[in-house]
Amino acid sequence: MSRSDLGTDPYDSVEDDRWIASASASRGEIDSLLQGAGYRVCSTDLRHVAIGLEQLESAMVGDQCVASSAEAIHYNPSDLTAWVDSMLSELAPDPHLPRHPHITATANTWADPTQQRPSLHGLENHHQHRSVPAVSLQSMDEEEDAAIRLVHLLVSCADYVQRGDSEMAGSLLGQTRLALARVNTGFGIGKVAGYFVDALCRRLYPPPLSAAGGGGSAANPEILHHHFYEACPYVKFAHFTANQAILEAFQGHDRVHVVDFNLMHGLQWPALIQALALRPGGPPLLRLTGVGPPSPDGRDALREVGLRLAELARSVQVRFAFRGVAATRLEHVRPWMFQVAPGEAVAVNTVLQLHRLLGDRASPEGGDAAAAEPIDTVLAWIVGLKPKIVTVVEQEADHNKPSFLDRFTEALFYYSTMFDSLEGGRAGGSHRGGHHHHHHQQQQQTVAEAYLQREMCNIVCCEGAARVERHEPLARWRDRLGRAGLRAVHLGSNAFKQASMLLTLFSGEGYCVEEADGCLTLGWHGRPLISASAWRADDDAALPCDHQTLLVLQDHSSSVTSGSNNVVDGDDHHLRQHSVVRNNDTGSGSSCSRV
Amino acid sequence: MPSQSTSEHHVPSSIYAVVQPHQPTMAMDASLAYEQQQQEGRVAEVFAVINDNVDLLAEVLGRLDGRSLAAAGCVCRVWAAVSTRESVWEAVCGRHVEGGAAAGAGARPVVAALGGYRRLYRLCLGPAADRLGAAARLSLSLSLSLFSIDCYERRLGRERGHPRPASLLFLDHNNPVDVS
């Protein structure tokens, strides 16, 4: 039901009726959606309701009279029409309010209640409580109505951006900023909306020195990630669940090799090293290959992480070897860089990485006719490695829809849930903390929000190759991984118990772990936000490694220089050997050797 | 060592040792009363002083809960030495872990490498017990995983001058002092 097709003038009532008429085929659908959300209202009444709400808002904001509402009887707000009428009847309505363009956007938003909106959920619940004569909480309602209005403005602004009408979008953006001023931006929907307003602004008026992957400060992404890791349980959940699957898959193997698509600080691996050290039968020889972006300042970040992990492994007496692969983009990595030895059990671990390989989705009818995306190439060589286990953790959201407005709306609700969880998780956890503890958590939350803000900005501002945050829901990943020749491995009850315990240790209220067909999802108040799944190659689907690529790239290699990285750049295929950190049984310390 | 009261003015060691003999005090009166009772045969002769038998003390202290054990370390130097013994804390940890002490026996070298049982309790099992209730048990693997992450983060932090690692802060209540 894309409004951009119709090109209607929102001020024309005839056109509006035509819009509603043309949507009559789906009116029944809308009605059932509304009923599913708990509203007893027909879609034909929605326009009337929207106008009424506008009048109500302006009347209540201007009207300081509180006493009269104490005796009034309000209809149950699920019956929107009657409720609005009853509210208006006691306040003096202004019959000459102009109709605003975002009224139709209101209808649009009401018609999509299938999306969970916990931050607005609370607002709806509050309205329900006023169905009996009650003291009017004037300021609270103002706040809520302002928040709802803010969301409407944001969505309609995005609508104009999608249509290319930057003038209207710009003016709406101004209105949105005003609306933002009336809402508490310290928490909840106000805070998230603030970030989205900035992102929309950046999209409309890109700053002159916009960096690729826009919206970020110059902050180190690993540090942001580290704070996000500590502020909320999502990444910990991912790591622990993946490690459990990897551990189980490695049972009985003497030599194991883990490939990590995004090493960062390597926080996932100490736990695995420890678990391997303690496994019955003794630890295997563990090799870890970590992929990451090349360090900007000449420092070899990957190698440093490798050294730390090697130290830890040495202290618990696990034979360990590390290799780093530096690549600006994941699709430039090739399987031969991992140097998988025959007889090794391989585990491929991708936490929040695979979505970066996706491209623009074709229209819904397109199906498999789309051109080969990098994801398919990468999945093909992953399968070619014949891994014992592939652990995939992804955001549970659809931020790769073809329509900008759809992406924007989904992202708005997804990140507001995320932010709610950051807020809620913190409040619960610090109930016994001292002042310093509280302050520290506050700091951490701020940096964690900066991490999320980067993602949000990428989704809103970037297009084409620059947009890397192309989240897709688990259902789509299942299809994709299935087509590539991977079969799902059930995660098992141990993983579930561990995840539940992990959450209980955090301020448990609000977070929920769910199991869905062998995959685990972690969410906030019933809305799943991150999913973890495990896969293995089908035995007959394994393809040989791409040795052709090996030869081609070797032809371009420059002479080997000492102690430098394996830098794989899309532009120039220079290859230099990477230093390998090897941890010997004798514990003589790590040595760097060129392979 | 049980002391035999052979001499007339024998004062049982340790507890009363701090009292100056020539100053009349309640303790002095008590000991005189004790002597009297002993001579009257109403009190057993064996008087065990716990500080002379530190292994026994370790056995006793190992049955305390974490907080009490930590507090016990403040009593005197002997108790401080005993209450920082790894074996004592191993016993304490064993009671908070699924499967009990037996399950954790093989983990000793790993725990030692990661920082020891006392630290394991302080950073992980203790706060978890506070959060979950004294009866709850954490799985050994989960607690050691969290412990290993903390150990690793400390090394990272030291290397790069990062702010203190905070992964386990979610379990912690007060701003912990780094006693590494």
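In what follows, chains are A, B, ... by sequence order, proteins preceding strands, each numbered from 1.
Residue Q317(A) places its CD atom among 12 or fewer non-hydrogen atoms of other residues, nucleotides or ligands, all under 6.0 Å distant. Taking a 6.0 Å sphere around CD of E59(B), one finds it holds 12 or fewer heavy atoms contributed by other residues, nucleotides or ligands.
With rounding to the nearest 0.5 angstrom, the CG atom of L114(B) is 10.0 Å from the CD1 atom of I273(A). Once rounded to the nearest 0.5 Å, the distance linking CD of Q274(A) with CZ of F147(B) reads 10.5 Å.
Across all non-hydrogen atoms, the minimal contact from S145(B) to F240(A) is CB-CE2, 3.5 Å. Residues G106(B) and L278(A) approach most closely at O-CD2, 3.9 Å, considering heavy atoms. For the pair M501(A) and L132(B), the tightest heavy-atom approach, listed with the atom from each and the gap, is SD-CD1, 3.8 Å.
In this structure a side-chain-to-backbone donor-acceptor pair under 3.5 Å is missing from R308(A) to L156(B).
Using a 4.5 Å cut-off between heavy atoms, L309(A) contacts chain B through both its backbone and its side chain. The contact between L144(B) and chain A is made by backbone and side chain atoms together, counting heavy-atom distances below 4.5 Å.
Using a 4.5 Å cut-off on side-chain heavy atoms (C-beta onward), Q268(A) and I149(B) make no contact. With a 4.5 Å cut-off on side-chain heavy atoms, R279(A) and S141(B) do not count as touching. Counting only heavy atoms from C-beta outward, the side chains of L312(A) and C151(B) approach each other to under 4.5 Å.
A donor atom on one side chain and an acceptor atom on the other are not found under 3.5 Å apart for Q498(A) and S139(B). Looking at E153(B) and H226(A), their side chains do bring a donor and an acceptor atom within 3.5 Å of each other.
Applying the ring pair (Phe, Tyr, Trp, His ring centres under 6.0 Å) definition to pairs two or more places apart or across chains, those involving residues 64-94 of chain B are W89(B)-Y121(B).
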